[in-house]
Protein chains: 2
Amino acid sequence: MGSSMKDVATLASVSLGTVSNVLNHPELVAPATAARVHRAIRELEFIPNAPARQLRSRHARVLGLVVPDIANPFFTEVARGVEDAALDAGYVVILCNSDAQAEREDRYLAVLESQRVGGILITPARKSLKPLGRLLGNGVAVTLLDNDAPAQDVCSASVDDRMGGALAAEHALDLGHRKIVWLAGPADIPQVADRELGLMSAVRHAGASVQRLAAKQMTTASGEMAMESALSQGIDFTALVCANDLLALGAIRALTRAGLRIPDDISVIGYDDIEFAASAAIPLTSVRQPKYELGHAAAKLVISECEDPASHAHQRVQFQPQLVARQSSSPVSASDTLRR
Amino acid sequence: MGSSMKDVATLASVSLGTVSNVLNHPELVAPATAARVHRAIRELEFIPNAPARQLRSRHARVLGLVVPDIANPFFTEVARGVEDAALDAGYVVILCNSDAQAEREDRYLAVLESQRVGGILITPARKSLKPLGRLLGNGVAVTLLDNDAPAQDVCSASVDDRMGGALAAEHALDLGHRKIVWLAGPADIPQVADRELGLMSAVRHAGASVQRLAAKQMTTASGEMAMESALSQGIDFTALVCANDLLALGAIRALTRAGLRIPDDISVIGYDDIEFAASAAIPLTSVRQPKYELGHAAAKLVISECEDPASHAHQRVQFQPQLVARQSSSPVSASDTLRR
DNA sequence: TATCAAACTTGATACGTTTCATTTAGCGCC
DNA sequence: GGCGCTAAATGAAACGTATCAAGTTTGATA
């Protein structure tokens with residue numbers, strides 16, 4: 001069975017308190033004693049009991065990570081960033097998929113509260129931060145992930161989605177495109193809404209215009225369907241900007257099936273720059289988000305609050321996206337320009 | 001601050017023990033009393049302290065999930081299965097990416113031991129199960145994930161990789177292919193080795209032969225490189241079977257770039273049937289593994305052992321893979337048959 | 001040699017639960 | 001009305017640790 005500090009104390013002929021000090025306040029104990037204790041620890045293969053420790057010290061090296069769906073490559077990468085930062089600090093991450101459902105999110109928040117986690121990283125399923133209020137009141141550090149903090153009492157780490165939308169638009173405009181389609185997702189996703197704002201304002205600024213298309217979900221299947229039905233209605237355009245890469249990949253299938261060539265007939269621009277974007281049959285031009293860094297930064301924020309809540313100042317960290325041009329986009333073709 | 005059972009007891013005018021009984025042994029307490037206690041619980045918004053509970057009862061509703069890389073779509077899906085099963089049982093999952101490195105795996109196992117998790121689901125980074133010995137000795141339930149249990153003291157959930165390899169081979173053979181290339185991954189991955197065994201024996205049984213190609217890693221980039229160099233050496237074949245879908249997608253890029261058409265010139269068969277396989281430009285024929293079910297089953301195994309270690313019998317669960325034919329494979333073309 | 005601060009150690013207490021041996025109440029029956 | 005039972009509730013002990021006031025040793029100083 002696992003041995004306890006008491007066993008260590010006995011074997012090293014010191015008191016329980018001294019063993020505790022060796023572990024938590026080594027500067028208070030004489031080197032010779034510390035050495036003896038360490039020997040005993042090795043001998044007994046003692047491993048501290050984290051739950052007991054937390055019960056007493058009210059400090060847990062456990063984080064909760066609440067995301068809509070880890071199967072989304074964007075969040076997978078974010079999670080890796082979170083996890084690496086956590087492990088570096090001796091923390092551990094509880095993975096919670098909310099499926100963007102409030103009910104499931106609530107269930108998880110309750111479990112996390114019961115587990116008395118030290119901090120929570122969350123991409124909320126809904127606008128209101130009310131459900132987080134309880135947690136905050138109980139001294140749990142909360143950091144918003146891929147969301148900007150509206151309030152003062154939480155940290156946040158996000159990517160500038162308006163800028164990302166603008167980058168995508170400007171790329172298309174720079175290539176000479178004037179007939180642009182924006183393939184959006186569900187309207188209630190704040191990130192998507194921001195991308196749209198950035199895109200629209202850039203386009204308007206250039207005196208061009210955009211047609212808006214909406215997919216039901218942020219998936220390839222949904223992108224394919226939306227594009228297909230638009231094509232059947234004889235939509236006329238030369239560039240397609242999508243709310244994420246999955247939509248773009250789906251749309252490309254529909255376009256290809258309709259006999260359109262990419263990028264010769266249509267330029268396609270995605271968003272997220274997931275790994276598959278680069279290695280697709282037609283490498284996808286996309287707006288890269290520093291996903292790993294986002295997760296890493298968010299985790300460091302929440303950990304720093306866990307470690308020292310008193311002297312912690314809430315921060316907003318915002319990353320800049322970046323356009324990665326690949327083969328799915330090219331200058332508008334001569335014929336299209338003339339036709340216009 | 002969070003209220004404790006003591007507060008609840010006071011408010012409901014009962015003893016501490018009674019509150020505990022309401023929570024854990026409701027059959028022992030009179031309905032009227034239970035009602036009073038429940039009212040107090042709601043009133044105080046009491047949420048049990050899981051760590052304290054575990055300290056006393058030595059029973060944790062926490063699982064550790066140790067996988068090589070959650071960014072691999074295979075494991076992402078497995079993780080979802082694990083998580084859903086866990087949440088259903090009121091458990092929570094700690095995510096651990098070992099990166100297939102022994103050192104990182106060890107670090108995580110130590111942290112999980114310190115957290116006193118109730119169970120561990122692991123796809124081990126190395127053959128030896130020694131590092132798990134300590135855990136088992138301390139009463140932690142261990143279940144092998146995507147690995148078959150060699151020993152008697154752990155459960156395991158896996159997919160029949162030999163059969164999968166055979167399915168892929170038989171599909172190619174049925175389509176008339178006789179010049180087959182097997183694009184393998186690193187030799188030390190047991191799953192891949194098994195697939196190869198199944199493939200080889202099916203091919204031999206049919207009196208055909210296989211050329212073996214090895215990629216350095218199980219990634220698109222690696223698959224592309226391996227295929228490219230093979231093509232430059234003038235390899236002659238009509239069907240390509242890959243150790244996983246990522247390799248297949250990479251290989252397809254190299255093939256396409258070399259002017260070969262799929263499936264007209266070369267039939268390509270992947271393994272895993274990740275989501276992208278179906279929605280790629282050329283939908284990929286692949287061997288489907290019940291990924292979600294695998295994770296779900298493994299989690300249920302480990303949870304059942306956690307709940308009642310005494311009456312638990314270790315089990316091996318093995319799933320059957322399934323061939324999903326799509327457009328990347330077709331009957332060998334007349335010209336190729338003649339040429340032979 | 002007596003004194004005192006500094007450097008270590010100790011031992012008791014509390015964290016929020018579960019468990020279990022006891023106690024108390026309620027009730028039918030001879 | 002006393003007996004034995006069952007059902008319900010209680011109270012104390014324990015889980016493994018951190019903390020901190022109080023104790024002990026050490027070594028330097030006067």
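Order of the sequence lines sets the chain letters (A, B, ...), proteins ahead of strands, with each chain counted from 1. On a predicted model such as this, the values are computed, not experimentally measured, just so you know. Note that these values count all heavy atoms, side chains included, but never hydrogens, waters or copies made by symmetry.
- One can place CG of A:Leu16 at 14 Å from C1' of D:dC20, the figure rounded to the nearest angstrom.
- Look at B:Arg58 and you'll find a side-chain N or O under 4.0 angstrom from OP1 or OP2 of D:dG16.
- Screening A:Val78, A:Leu301, A:Ile122, A:Val302 against A:Leu145 for a side chain to side chain contact (heavy atoms under 4.5 Å, CB included) leaves a single residue, A:Val78.
- When all heavy atoms are compared, the tightest approach of A:Ala297 to A:Phe319 is CB-CZ, 3.7 Å.
- Regarding A:Leu28, its CG atom lies at a distance of 16 Å from the C1' atom of D:dG23, rounded to whole Å.
- One finds a side-chain N or O of B:Arg53 lying less than 4.0 angstrom from the OP1 or OP2 phosphate oxygen of C:dT18.
- Between C:dT17 and B:Ser57, no contact under 4.0 Å exists linking OP1 or OP2 to a side-chain N or O.
- Take A:Arg104 and apply the salt bridge (Lys or Arg N to Asp or Glu O under 4.0 Å) test, not counting sequence neighbours, and it matches A:Asp99, B:Glu83, B:Asp84.
- Taking only side-chain nitrogens and oxygens, B:His25 comes nearer than 4.0 Å to OP1 or OP2 of C:dT19.
- Using a 4.0 Å cut-off between charged nitrogen and carboxylate oxygen, B:Glu103 and B:Arg107 count as a salt-bridge pair.
- Here D:dG11 presents its C1' atom at 13 Å from CG of B:Asn21, a figure rounded to the nearest Å.
- At whole-Å resolution of the value, CZ in B:Arg56 and C1' in C:dC20 are 9 Å apart.
- Atom P of nucleotide D:dA14 and atom CG of A:Leu55 are separated by 17 Å, given to the nearest angstrom.
- Distances shorter than 4.0 Å separate some side-chain N or O of B:Asn24 from OP1 or OP2 on C:dT18.
- The residue among A:Gly17 and B:Ala52 whose nearest nucleotide of DNA chain D is located toward the 5' end is B:Ala52.
- A:Val19 comes within 4.0 angstrom of nothing in the nucleic acid, heavy atoms only.
- Among the atoms of the strands shown, none is found under 4.0 Å from any heavy atom of B:Leu23.
- At the heavy-atom level, B:Pro51 lies nowhere under 4.0 Å from the strands shown.
- Set against C:dG16, C:dT19, C:dT10, the side chain of B:Ser20 has C:dT19 as its closest nucleotide.
- At the phosphate of D:dA9, OP1 or OP2 sits under 4.0 Å from a side-chain N or O atom of B:Thr33.
- Within the structure, every pair that satisfies the salt bridge (Lys or Arg N to Asp or Glu O under 4.0 Å) test and touches residues 289-309 of chain A, not counting sequence neighbours, is listed here: A:Arg61-A:Glu307.
- Distances from the side chain of B:Ser4 to the nucleotides C:dT18, C:dG16, D:dT17 place C:dG16 closest.
- Using a 4.0 Å heavy-atom distance criterion, B:Met5 is classed as a base contact.
- Between A:Arg61 atom CZ and D:dT17 atom P the separation is 15 Å, expressed in whole Å.
- Counting to the nearest Å, the P atom of D:dA14 and the CG atom of A:Asn49 are 18 Å from each other.
- Look at CZ on B:Arg116: it is 17 Å from C1' on C:dT17, rounded to the nearest Å.
- With A:Ile94 as the fixed residue, the side chain to side chain contact (heavy atoms under 4.5 Å, CB included) test singles out one of A:Leu112, A:Val111, A:Leu65, A:Leu63: A:Leu112.
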